[in-house]
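Inspection log for the structure reproduced underneath, given as structure tokens.
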Amino acid sequence: MIILRSTFLFLLSLSLAGAAEVTTPQTEQALRQLLEDIDKQEQGNDRQRAALQRIEQQMECNWALIRSYEICTRLYQDEPQSYLACVNKAKTNTTRCLTRTTE
């Protein structure tokens, strides 16, 4: 990411400082293109990282719902009304959780 770009620029400046010949416009253009490609790759990586974080949060919400269902079943298996209220509360909590993942 930023470290890659900084490292690339550092190495580039070292190689240019040590070069005996002056860089040509073609070389400069090729280097600019490399930097643009690195920037595009970094942006793509940032988007993928954000998407993975959203998916991870969604999975956590879904696991919390599954655990809640299990708890509701254990606590209220013989009390249908209480079980229904517990399950509805779990669904509401999951909806809130999933809403946060899209913000």
Side-chain angles (χ1 to χ4, degrees):
M1 297 65 80
I2 294 173
I3 295 171
L4 177 64
R5 181 182 172 92
S6 299
T7 304
F8 177 75
L9 289 173
F10 176 72
L11 293 174
L12 176 63
S13 65
L14 285 178
S15 66
L16 289 177
E21 62 183 314
V22 177
T23 58
T24 64
Q26 294 85 4
T27 304
E28 288 180 17
Q29 180 59 32
L31 294 174
R32 279 193 197 99
Q33 184 62 46
L34 279 173
L35 289 175
E36 287 176 21
D37 292 346
I38 290 170
D39 284 341
K40 288 177 187 176
Q41 186 65 43
E42 286 176 356
Q43 291 170 2
N45 289 347
D46 290 343
R47 284 190 298 274
Q48 286 180 338
R49 208 172 292 109
L52 287 173
Q53 287 174 342
R54 282 191 302 275
I55 291 169
E56 183 178 295
Q57 179 63 34
Q58 290 171 348
M59 288 176 60
E60 288 176 17
C61 295
N62 289 333
W63 277 116
L65 178 63
I66 290 168
R67 286 190 305 271
S68 295
Y69 281 168
E70 290 171 351
I71 291 169
C72 291
T73 300
R74 270 189 265 133
L75 293 176
Y76 304 111
Q77 68 187 53
D78 296 330
E79 303 171 39
Q81 286 302 107
S82 297
Y83 175 77
L84 184 59
C86 184
V87 167
N88 285 333
K89 179 70 173 169
K91 287 180 184 178
T92 301
N93 291 340
T94 301
T95 301
R96 253 189 254 126
C97 182
L98 290 171
T99 302
R100 285 183 297 224
T101 65
T102 58
E103 295 174 350

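Each residue takes its place number in the sequence, starting with 1.
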**Prompt:** What residues form a side chain to side chain contact (heavy atoms under 4.5 Å, CB included) with Q41, not counting sequence neighbours?
**Reply:** N45

**Message:** Applying disulfide bond (SG atoms under 2.5 Å apart) as the test, list every pair that has at least one member in residues 31-61; sequence neighbours left out.
**Reply:** C61-C97

Side chains of residues 70-83: which donor-acceptor partners sit under 3.5 Å, not counting sequence neighbours?
{"residue": "T73", "atom": "OG1", "partner": "Y69", "partner atom": "O", "Å": "2.9"}
{"residue": "E79", "atom": "OE1", "partner": "S82", "partner atom": "OG", "Å": "3.3"}

**Message:** Taking side chain to side chain donor-acceptor pair (under 3.5 Å) as the definition, give me every residue that meets it alongside Q48, ordered by chain and number, with sequence neighbours left out.
**Reply:** none

**Prompt:** Is there a donor-acceptor contact under 3.5 Å linking the side chains of D39 and Q43?
**Reply:** no

**Message:** Set out, in order, the CA-CA distance, both residues' side-chain angles and the distance that settles side-chain hydrogen bond (donor to acceptor under 3.5 Å, both in side chains) for Q58 and N62, then state yes or no.
**Reply:** CA-CA 6 Å; Q58 290 171 348; N62 289 333; over 6 Å; no

**Asked** Are E28 and R32 close enough for a salt bridge, meaning some N to O gap below 4.0 Å?
**Response** yes

**Prompt:** Are L98 and L65 co-members of a hydrophobic cluster defined by side-chain heavy atoms under 4.5 Å apart?
**Reply:** no

**Message:** Applying side chain to side chain donor-acceptor pair (under 3.5 Å), can you list everything that pairs with Q57, at least two apart in sequence or on another chain?
**Reply:** none

**Asked** How far does CZ of R100 sit from CD of E60, to the nearest 0.5 angstrom?
**Response** 10.5 Å

**Prompt:** Quick one: are Q53 and E56 in side-chain contact, heavy atoms under 4.5 Å?
**Reply:** no

**Request:** Any pair with a residue in residues 85-94 that passes side chain to side chain donor-acceptor pair (under 3.5 Å), sequence neighbours left out, goes on the list, sorted by first then second residue, please.
**Result:** N93-R96

**Remaining members of the apolar cluster that contains L52, side-chain heavy atoms under 4.5 Å** = none

